[in-house]
Amino acid sequence: MCGVFGIYGHDEAANITYLGLHALQHRGQESVGIVSRTGADFHRHAAMGHVAESFSQRTLEKLPGRAAIGHVRYSTAGSSDIRNAQPFFFEYAHGGIALAHNGNLVDAGEQRSRLERGGSIFQTSSDTEVIVHLLAQATEPDTISRLLAVLKQLTGAYSLLLLTETKLIAARDPRGFRPLVMGRLKDAFVVSSETCPFDLIEAEFIREIEPGEVVVIDGDGMRSLSTSESRPPPAPCVFEHVYFARPDSLLNGRSVYRVREQLGRELAREHPVPADVVIPVPDSGVPAAIGYAREAGLDYEMGLIRSHYVGRTFIEPQDSIRHFGVRLKLSPVRAAVVDRRVVVVDDSLVRGTTSRKIVHMLRNAGAREIHLRISAPPTTNPCYYGIDTPSRSELIASSHDVSEIERFVTCDSLRYLSHGGLMSAVGGSESRADFCSACFTGDYPLRPDASQGGADLVRLRTTPSRAESEISHG
Ligand code: AMP
């Protein structure tokens, strides 16, 4: 889970990239980095932590040039390391290149072992470094053909930005798992994981970069190339709509906010319950709770207040901290819930520990009944394409049915949105695989251990190999 941002042709490239990353901070809070370029000279600053605290005016002044790319990283537990902070910068036979990646290469373990057997020395534990080594070994005569040859060897999810001595290049994998959009800021081109930075920097949204598309931006303007001759069906991640993207972004041509509101409406239609008030789990459950309340004709209140001075509790690496973190982050509003039958709306239930704590808090605050409504189906399968989900054994819905989870969470009722309801809200179809919803269905568009160009739509019931689980992803 990461965010990428790049700009070409602006006097304040690093400053704008800083702002872009600021707006993408929700996509990764562990590390941040920017690489800028003046001619053939590259300048890099990367740090652990949030964007605002990692860059000062002085650091930004040390990143001159009219082109820059940046990255915010959200890693899986255990791989917190500044060496994994992106963008990576490397110099190879053809000059300098900086690279920023969002997504997971599903066969990174195998690729890495193969490259190591051939003499490659890896400096990070990141899957992204595989791309660096493949580029260094490519023998094609120019950067673009080298890159196209490398992309053909990749299997998995990538929304990729590369900054070379003359170009900014953006590439999206053939299934388009992770989002990537482009826009214009006066004469400059901007590329970003989401559209929300464009509002901040007052850029104009042009369009999404298509699955399988490579966009090259240089002194001659912008041109588009295609990575793959065979076009697999696109499989953009549905969980971006459910949880991950910012609600003010546009995704797959739709407002994330409106999609979430619609998820809430569908949920209210599927699972009504006699109640007095609807409250969201802030911030992720807010638009869906608004939709639920509107559809059900119920009052909507802020029954939980979120402290904005703690990060997402999910990112804390240790269980003890994460559990404490929920109480640190959310506090019940007694006046909104006391003596009332409360519908609590959240976007997803993963381990169930957050919901359990919330139910406990609301009971202590005097709620008479607590009906938990989740604006997505049960999360039953881990993601191999860039969302940080725990292993299958920690996903409560992989081994427990709804009534068992209800008992664990200690709510009066628990209901999830159906997969059909989800698809209708995001504009997909139940029968066609318009989105990747493997975390809810187990239908993986790509096998985690697929060989090159691996088989499509393989239903998997396996866990990743050891080598894969040791590779950290961004
Ligand atoms: P849990 O206690 O594991 O059930 O956590 C559920 C909460 O985590 C929900 O409020 C979700 O909004 C949030 N959540 C779901 N998936 C993720 C994720 N991949 N990263 C961070 N938070 C998440």
Side-chain angles (χ1 to χ4, degrees), residues 1-3 25-30 72-77 102-104 157 177-178 237-247 256 260 263-264 267 279-289 303-304 306-307 310-330 344-362 372-400 402 404-406 408-411 414 416-417 422 436-440 473-474:
M1 292 164 73
C2 298
Q25 183 77 82
H26 61 287
R27 297 187 71 87
Q29 301 88 28
E30 186 190 87
V72 283
R73 177 162 197 269
Y74 185 132
S75 84
T76 45
N102 173 209
N104 283 2
F177 285 110
R178 307 262 69 90
C237 167
V238 81
F239 199 63
E240 293 268 355
H241 270 301
V242 169
Y243 168 79
F244 199 41
R246 231 170 72 163
V256 174
R260 288 185 191 163
L263 291 169
L267 187 60
I279 69 165
V281 175
D283 291 326
S284 53
V286 171
L304 291 161
R306 176 176 166 183
S307 163
V310 277
R312 286 180 170 184
T313 52
F314 213 90
I315 62 169
E316 305 296 351
Q318 288 164 24
D319 259 20
S320 53
I321 303 176
R322 191 178 63 245
H323 295 172
F324 183 71
V326 179
R327 280 180 285 145
L328 209 59
K329 188 164 110 174
L330 296 172
V344 182
V345 179
D346 202 357
D347 65 283
S348 55
L349 196 151
V350 182
R351 297 177 176 92
T353 48
T354 306
S355 311
R356 189 179 156 97
K357 288 265 182 309
I358 288 170
V359 170
H360 185 72
M361 276 182 213
L362 292 171
L372 186 57
R373 295 292 178 269
I374 305 294
S375 62
T379 305
T380 45
N381 295 274
C383 178
Y384 298 110
Y385 314 125
I387 296 285
D388 179 23
T389 35
S391 63
R392 181 171 287 119
S393 61
E394 288 175 85
L395 298 172
I396 190 165
S398 72
S399 51
H400 295 77
V402 175
E404 288 169 333
I405 303 173
E406 205 170 71
F408 173 74
V409 170
T410 71
C411 56
L414 164 68
Y416 292 89
L417 184 65
L422 170 65
C436 174
S437 52
C439 51
F440 304 126
H473 300 280

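Counting starts at 1 for both ligands and their atoms, in listed order. Position 1 is the first residue of the sequence; numbering continues from there.
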*Which atoms of ligand 1 have any heavy atom of Ser284 under 4.0 Å away?*
12 (O)
*Geometric N/O contact Leu349 with ligand 1, under 3.5 angstrom*: no
*Mark the output for Thr389 as yes if a heavy-atom distance to ligand 1 is under 4.0 Å, and as no if none is.*
no
*Say whether Asp347, considering both its backbone and side-chain N or O atoms, lies within less than 3.5 Å of an N or O atom on ligand 1.*
yes
*Nearest 0.5 Å please: distance from the OH atom of Tyr243 over to the SG atom of Cys439.*
13.0 Å
*How are the rings of Phe244 and Tyr74 set to each other: parallel, tilted or perpendicular (split at 30° and 60°)?*
perpendicular
*asked:* Does only the side chain of Phe244 get under 4.0 Å from ligand 1, or the backbone, or both, or neither? Count heavy atoms.
replied: neither
*Does Phe239 reach ligand 1, in the sense of a heavy atom lying below 4.0 Å from it?*
yes
*When only distance counts, is Ile387 in polar contact with ligand 1, meaning an N/O pair under 3.5 Å?*
no
*asked:* Tell me the nearest of Gly285, Ser348, Pro282, Ser375 to atom 15 (C) of ligand 1, using heavy-atom distances.
replied: Ser348
*asked:* List the residues meeting side-chain contact (heavy atoms from CB on, under 4.5 Å) with Pro280, not counting sequence neighbours, and say none if there are none.
replied: Val286, Ala289, Tyr300, Met302
*asked:* If you define the side chain from C-beta out and look only at heavy atoms, does anything of Leu372 sit under 4.5 Å from Ile358?
replied: no
_Show me which atoms of ligand 1 lie under 4.0 Å from any heavy atom of Asp388._
18 (C), 19 (N)
*Do the charged groups of Arg306 and Asp283 touch, with an N to O distance under 4.0 Å?*
yes
*Side-chain contact test, heavy atoms from C-beta onward, threshold under 4.5 Å: evaluate it for Ile396 versus Arg351 and give yes or no.*
no
*Got a second to check how far Met1's CE is from Thr389's OG1, nearest 0.5 Å?*
8.5 Å
